[in-house]
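Have a look at this one before I ask anything.
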Amino acid sequence: MRSSAGKSRGDFLLEIGCEEIPAAMIPKAAQELKAILIKYLSANNLGGEPTVEESIETFGAPRRLIAITRKILLHQQDEMRELTGPPKSVAFDGVGEPTRAAMSFAEKQGIPVSKLSIVNTPKGEYLIARQLVEGKPAAQILAEVLPLAILEIPWPRSMVWTGAHGPRFIRPVRWIVALLDGKVIPFSFAGVRAGNHTDGHRFLGKKSVPVIGPRDYEPKLKKNFVLCKPEARLKKIEAELHALASRKGLHPHKDASLLNLVTYLNEYPSVILGGFDPAFLALPEEILITVMRDHQKYFAAESRNGELAPHFFAVINLPRDPKGLVRAGHERVLRARFADAQFFWETDQKIRLGDYLPRLAAVTYERRLGSYRDKVERMRTLARWLAEQWFSSGIAQADVTGSDRAAELAKCDLATEMVREFTELQGIVGGLYARAQGEPEEIACAIYDQYKPAGLDDPPPRNLTGCAVALADKLDSLVACFAVGAIPTGSSDPFALRRAALGIVKIILDRKLPLSISAAISAAAKSLGEHPPKIAASAQVEGQVQEFLLERARFILRERHGSAYDEINAAFAAGADDLVDAAERVAAVRAIRNTKNFAPLAAAFKRIRNILEKSAGKSGRAQGGVRQELLKEPAESQLYTAAQKVGEAASRLKKEGKYRAALEKISELRPAVDLFFDKVLVMAEDQAVRENRIALLAGLLKEFSTIADFSELGADDTGKSLGASA
């Protein structure tokens, strides 16, 4: 086999230069580019060292996506391929002369018959043709695959920039750097030909900067005011934030998502400190922080005691601002934004929050589901129902009247000028207005927290009234959208139903709220049918919503509680309508599953289930009671007696909610179960005895599967067994 002569490996650099990419899209695009390059390099046997995955580094900045691969092969290795032909018996006649089949195979491979070989295979002797396939230069392969790789980068949206039939990309491509071992890889994309010149900072750097590869790429860009690696930009921002804040006796308001955003908004970031009129501090800090963060991308400044200070930190795409002109511009813009917010705050409160309710009739929730005014009425019905359920369960702080009032006011801020201008503040503004207008603190907090939790790391609403409103909102959204067919598909989830379902589960589990999932869904369906536009939700829709919720419950129990698939399946098979109860049973199974007696007993229960499934329909008494006079063997009598004794104790512990203790008690059955299977033939010839033994096992499975179905243990998320058959 021939290998390429001379230098065998070199470094590869790819830079796609374009107009500013939306900051939030850059990290994901860099990850996707890496996966795509791994695919192409692996498929063409051009892997870098030590491995393909480890040799590729991808990252991005506002105007560029970059990939660097160290020590990839400069030339494919030659490869000896074996092509299988016809069987020897077909390829040669009785005197050993090649037949037409052998000659056709040889002609197809471009070699004489004499060059064919015979090999033994499991199917017999076959002809093979060995061919040496010479490897191609890596530059030639890369020139072919790189346009495809760039085109494959997935974007949330993309456009055609070079004519109706040109390739799609997120922004117009302005330059491409593609170098292998210092030499340009010849290809074009979107009308731009690859070369060896990059661009520096749009305003501070040179227009065309020659590079020879990864070694000089980063330092040359740095000289031209571009920090191409996000880690370098982040480190610079954090260091300057800390230094500037320390000098002024301040702290930047912690905001990880904003820090990540400004890292990808700037090529050469620097931090400046600005100020604003302290009179604006009379506005709620939520409004001030939202204006600074979401609209201006500023970090709010806090004094050493944690109070908001009349300052802000701005990250600019310049090395410095010596004359303060940039700072003055930012201050001027922020002053105008704060003035708007102050105007809205004062104007909105000229009428009571509740007086905005009629205006919601003109705000569409979903064209088939009516207005937000209609949604509010459904939420009120559900919030009252939830509070009534909790009060009847013994939760004294459940407030039916307060839940109704909070639900009535929850969406009113959607009609305010503040939320129209600053949509990020919906809910928060309603809570602030309610507090300012003298509504009880319980209700103001419930309105403020109605969209919580926003994610798995976000806390649930602070009080029970808030939980009622949040659950009512999310339950109505789920049932209503499922009823009209607006169900999430793939990445499409316009009404954020997955987040709503996760929120429902998290509220219930975090606050340990007693609630029947099926009853809550039915209450939401009933409300949907009673209030305009009076949409009917079928039993099938209710079932779909319940399964949708239970899938999210399984996810949370796996990802946040650390439970295994089969532990969750075992507990849920015994009932999952009460999520708090189900979670406690999952935890009990997890705690005991690997104890001495329990694991073998779970295997025995799997065996019992298999026996019952095989005997279904063959034994008429399988579901009947056990007749003690038919217990012929001592082992089956012993099992029956032990089951009665253990069952009473386990049932008492279960009623007390002591699931682990109940499972430990059930595990005491193991010796009796093992003895039964060792000494007793279940499928006895005597039909009456056989049916009685099956009834004994069926009763055993039913009686001791009310906490968890042990036969589910040892199966993965598809239901397949992970261990040996019992």
Side-chain angles (χ1 to χ4, degrees), residues 9-74 76-77 136 138-161 166-173 175-181 185 187-190 192 194 198 213-214 217-218 228-234 257 260-261 263-264 489-493 498 555 559:
R9 291 185 178 271
D11 293 339
F12 164 64
L13 167 66
L14 172 68
E15 180 193 54
I16 309 162
C18 57
E19 297 297 333
E20 277 78 358
I21 304 170
M25 298 183 188
I26 299 173
K28 176 70 172 175
Q31 292 175 5
E32 295 289 351
L33 178 59
K34 180 173 183 175
I36 294 166
L37 290 176
I38 287 172
K39 178 185 72 173
Y40 279 113
L41 292 178
S42 299
N44 289 281
N45 297 317
L46 294 175
E49 291 185 346
T51 65
V52 181
E53 292 82 359
E54 293 173 334
S55 67
I56 297 179
E57 182 183 13
T58 57
F59 43 92
R63 296 198 300 148
R64 64 200 79 218
L65 282 179
I66 305 108
I68 292 175
T69 307
R70 305 288 184 181
K71 297 183 179 179
I72 72 169
L73 287 171
L74 298 178
Q76 281 181 324
Q77 295 290 325
K136 296 180 181 179
Q140 178 184 337
I141 297 170
L142 290 171
E144 295 171 358
V145 303
L146 287 178
L148 302 176
I150 297 172
L151 191 61
E152 281 185 32
I153 300 172
W155 302 99
R157 59 184 182 275
S158 58
M159 299 182 69
V160 175
W161 304 98
R168 303 181 68 89
F169 203 70
I170 184 64
R171 290 290 186 269
V173 176
W175 74 90
I176 297 173
V177 175
L179 296 168
L180 178 61
D181 199 31
I185 301 170
F187 75 92
S188 297
F189 179 83
V192 178
T198 184
Y217 173 74
E218 188 175 350
C228 58
K229 290 191 174 180
E231 309 89 72
R233 300 193 298 271
L234 176 62
S257 61
N260 184 66
L261 183 65
T263 296
Y264 285 97
T489 56
S491 60
S492 176
D493 187 9
R498 294 187 182 95
F555 174 79
E559 300 301 319

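Every heavy atom of this structure was used, including side-chain atoms; hydrogens, water molecules and symmetry mates were not.
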Problem set entry | Atom pair CG (Asn45) and CD1 (Ile72), whose distance is rounded to the nearest 0.5 Å | 12.0 Å
Problem set entry | Which atom of Leu14 lies closest to which atom of Ala178, heavy atoms considered | CD1-CB, 4.3 Å
Exercise. Is the backbone N or O of Asp11 less than 3.5 Å from a side-chain atom of Asp181, with the two atoms forming a donor-acceptor pair by type?
Worked result: no
Exercise. At their closest point, which heavy atom of Leu46 faces which heavy atom of Ala138, and how far apart are they?
Worked result: CD2-CB, 3.9 Å
Problem set entry | Contact summary for Gly60 and Arg233, nearest pair of heavy atoms | O-NH2, 2.8 Å
For this session: Could you list the residues that satisfy side chain to side chain contact (heavy atoms under 4.5 Å, CB included) with Ser42, not counting sequence neighbours?
Result: Ile38, Val52
For this session: Answer whether the closest heavy-atom distance between the side chains of Arg157 and Met25 falls below 4.5 Å.
Result: yes
Problem set entry | Which atom of Ala149 lies closest to which atom of Leu37, heavy atoms considered | CB-CD2, 4.4 Å
Exercise. Has the side chain of Thr58 got a donor or acceptor atom that lies under 3.5 Å from a matching backbone atom of Ala30?
Worked result: yes
Exercise. What distance do Ile68 atom CD1 and Lys229 atom NZ have between them, rounded to the nearest 0.5 Å?
Worked result: 6.0 Å
Seminar exercise, completed: Here the gap from Leu65 atom CG to Arg171 atom CZ, rounded to the nearest 0.5 Å, amounts to 12.5 Å
Seminar exercise, completed: Here the pair of heavy atoms bringing Leu142 nearest to Pro147 is O-CD, 4.3 Å
Exercise. Where do Leu148 and Tyr40 land on the side-chain contact (heavy atoms from CB on, under 4.5 Å) test, with the steps shown first?
Worked result: CA-CA 10 Å; Leu148 302 176; Tyr40 279 113; 3.5 Å; yes
Exercise. Within a radius of less than 6.0 Å around NZ of Lys136, do more than 12 heavy atoms belonging to other residues, nucleotides or ligands occur?
Worked result: no
Exercise. Near Lys34 NZ, under 6.0 Å, is it more than 12 heavy atoms from other residues, nucleotides or ligands?
Worked result: yes
For this session: Test side-chain contact (heavy atoms from CB on, under 4.5 Å) on Phe187 and Ile176 and set out the steps.
Result: CA-CA 10 Å; Phe187 75 92; Ile176 297 173; 3.9 Å; yes
Problem set entry | Any side-chain heavy-atom pair of Ile66 and Leu13 under 4.5 Å | yes
Problem set entry | Side chain to side chain, Ile153 and Ile170, heavy atoms closer than 4.5 Å | no
For this session: Report the distance from atom CD of Glu53 to atom CG of Leu41, rounding to the nearest 0.5 Å.
Result: 10.0 Å
Exercise. Do you know which two heavy atoms are closest between Ile36 and Pro154, and how far apart they sit?
Worked result: CD1-CD, 4.5 Å
Report all side-chain donor-acceptor pairs from residues 15-23 shorter than 3.5 Å, counting only partners two or more places apart or in another chain.
unit_1	atom_1	unit_2	atom_2	d
Glu15	OE1	Trp175	NE1	2.6
Glu15	OE1	Thr198	OG1	2.6
Glu15	OE2	Arg64	NH1	2.9
Glu15	OE2	Thr198	OG1	3.0
Glu15	OE2	Tyr217	OH	2.5
Glu19	OE1	Arg202	NH2	2.9
Glu19	OE2	Arg174	NE	2.7
Glu19	OE2	Arg174	NH2	3.4
Glu20	OE1	Arg202	NH2	2.9
Glu20	OE2	Arg202	NE	3.2
Glu20	OE2	Arg202	NH2	3.3

Exercise. Out of curiosity, Glu54 CD to Ile56 CD1, how far, rounded to the nearest 0.5 Å?
Worked result: 11.0 Å
Exercise. Hey, are the side chains of Leu151 and Phe189 touching, using non-hydrogen atoms and a 4.5 Å cut-off?
Worked result: yes
Problem set entry | Partner set under side chain to side chain contact (heavy atoms under 4.5 Å, CB included) for Asp493, not counting sequence neighbours | Pro488, Leu497, Arg498
Exercise. What do the steps show when you test Val173 against Ile150 for side-chain contact (heavy atoms from CB on, under 4.5 Å), and what is the final call?
Worked result: CA-CA 11 Å; Val173 176; Ile150 297 172; 5.9 Å; no
For this session: Kindly compute the distance separating CD (Glu32) from CD (Glu152), expressed to the nearest 0.5 Å.
Result: 10.0 Å
